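Right, one structure below, let's go through it.
Everything numeric here is computed off the predicted structure, so don't read it as measured data. Below, chains carry the letters A, B, ... as their sequence lines are ordered, and counting in each starts from 1.
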Amino acid sequence: MDKHSLVLWAGFGIGLLFGLTGQRSGFCLLSALRDYWQTRDGRKLRAFVLAMAVALLGTQLLVALDLVTLRNSLYLQRSFSWLLVPLGGLLFGYGMVLANACGARALVLLGTGNLRSLLVLLCLGISAYVCLRGVLAPVRIWLADASMLTLAVRDPSLHGLLVALGVTPRLAPGLATVLVAVPLLWFALSSAALRSSTRDWLGGLLIGALIPAGWYVTGNLGADPFTPARVVSLSFIAPVGDALQYLMLATGMRADFGILVIAGVPVGACLGAILGGSWYWQGFESPAQMRRAITGGVLMGLGGALALGCSIGQGLTGFSTLALASFVAVIGIVLGAWLGLRGPLRVPR
Amino acid sequence: MRALRIVCAAALLTGLLGCGNGDAPVDAAAPVPDWRNIAPIRALLGDITPSQQGIELGLPLVSEDGSAVPLTVSVHSAMTIEDYVQRIYLFATGNPTPEIAAFVLTPALGRAELSTRVRLNESQWVYALAQMQDDSWRLAAQEVQVTVSGCLSRPEAMGTSFTQPRVGLPRSYGQGAVIAVRTLVDHPMETGLRPDGQGSLLSQHIVETMQVRLDDELALQARFYRAISMNPYLQFHLRATTAQLSVHWQDDQGAQVQTSVALMPDA
């Protein structure tokens, strides 16, 4: 099997595992934040944090073992927009609350028969493309150029920052990883509630592990000296748009890892739902709910495009690279979610 | 019901995986803009009308990255002394200068199929022109939509070195089998159109020629122009025979890079 096909099959497999695990465990950042802020139930949030720690440790291990290089990834670009990345995060977080799911969760729900998430995904994919390559692209580029921040550090990640502060380059990656992973692991695993909820910690662990798996597939299995391709892992903004475009233009377009992950998630979720007997059609209960779903999907697509990722794309994948821009994006996403759940622009349930 | 759902999902999946190899099929209904309007093609053809059969140009329908668009040109020919492709020309009609590359082929290639990565300035029609051994001509054209890149990043400073030649062969092949050979060499392929940030343009610096030899016989020659992407990549075919395959690149400043590898077909 040639490298490209191997990457595609592996991507589908990773998507399938994500869908299956997501459906069985209920892994979801929105639910995590909502449960924590509204009922002080921290299990899902701790599961998400566990996933962040596992993704981080797995990814940095791959880099330390020289199995993958992340230098060319989207998250470690030296320049990013100080305006659009946090703004995008805010829009995404708020949109996530309106739509009642992020892009990844919507794909999982789609697999269980939820037609509301189909609309959310269509709006998300189309608006992401509108922002990235469509009618809003010139505005995005103009704003990005006007607010471009080029970091003085050679390596725009936490390790690079530590090196700039005087830490020896050989120790910096390990130190940065430990500085971040240890508090995350403590927060997650110190809770008896999480430890006793197998569904949650296992879900977090498995999903966290899929991030380094994705890096390995695109950065190692698929590495081809003759055809350099950007190293990527799980992301649910641009790939949703790519998948829609692929459905329409397959005769003149190549599929890639991201598209196959998108294809795999609903299949895995469907399998999980059928096995668990929880597959049934769901639709909208009111026009207001439908409006919120549309608006939420559009905001997530726009926001995710500006922030270079979503709850998984930046929250797990970008975060696993310890890119400074990813920290900004994640803070934006959580703030946006707060605005929708607790803040002045609270969305009525 | 459950089984039906599973079958539908499997069917959709097979459909998704089965399609999409990336190259648009020749669409007989789409009218090709008149090649007579393109000066370099008119200069080559004169009064001759080329055939539009027996040649295919593969490009993605939509490309996000105009700096490295994969292109494959394939001419149907047995590649024997009686019937082979002499030359292939590639033109990008929407670029500042239309020439992409020109190739001189020989029957030793076994198949007239070349793949590379090209720079396309904007959405445009790309043309491929092939001259056969009997001086007949074939023409193919493909339209490519080039969008802006989705990434916010500015391009990193390009490397300036002309190094790291690479040749890729299949792991095993039989004597006489037609095998795909992939070649790549690092080179900035500076177009001469990029501003240097201080008001003037960075001067052009590109790989101009590439020669492929089997023992000492010239099998393929390529002339590259600035529309070939950074780190020029070329895939071609060869009839496998026990010989030394050597590839030689030269740039417009006279620098040369060369590599060679032994072809060792299984008996």
Q | Counterpart residues, side-chain hydrogen bond (donor to acceptor under 3.5 Å, both in side chains), relative to Asn231(B) (two or more places apart) | A | none

Q: Give the minimum heavy-atom separation between Pro228(A) and Arg117(B), together with the two atoms involved.
A: CD-NH2, 3.6 Å

Q. Phe226(A) and Val167(B): which non-hydrogen atoms are nearest, and at how many Å?
A. CZ-C, 3.6 Å

Q.
Taking side chain to side chain contact (heavy atoms under 4.5 Å, CB included) as the definition, give me every residue that meets it alongside Cys123(A), ordered by chain and number, with sequence neighbours left out.
A. Leu119(A), Ile294(A), Val298(A)

Q. Side chain, backbone, both or neither: which part of Val146(B) has a non-hydrogen atom closer than 4.5 Å to chain A?
A. neither

Q) Given the rule in the side-chain contact (heavy atoms from CB on, under 4.5 Å) test, do Arg182(B) and Thr227(A) qualify, once you have shown the distances and angles that lead to the verdict? A) CA-CA 10 Å; Arg182(B) 303 201 291 167; Thr227(A) 307; 3.9 Å; yes

Q) How many angstroms lie between atom CZ of Arg230(A) and atom CG of Asp65(B), to the nearest 0.5 angstrom? A) 9.0 Å

Q: Quick one: pull up OH in Tyr129(A) and CD in Glu64(B) and give me the separation to the nearest 0.5 Å.
A: 6.5 Å

Q: Specify which of Ala137(A), Pro225(A), Ala238(A), Gly241(A) makes the most heavy-atom pairs with chain B at under 4.5 Å.
A: Pro225(A)

Q) Would you say Gln53(B) has more than 12 foreign heavy atoms packed within less than 6.0 Å of its CD? A) no

Q: Side-chain contact test, heavy atoms from C-beta onward, threshold under 4.5 Å: evaluate it for Leu61(B) versus Met253(A) and give yes or no.
A: no

Q | Portion of Asp224(A) that has a non-hydrogen atom of chain B nearer than 4.5 angstrom | A | side chain

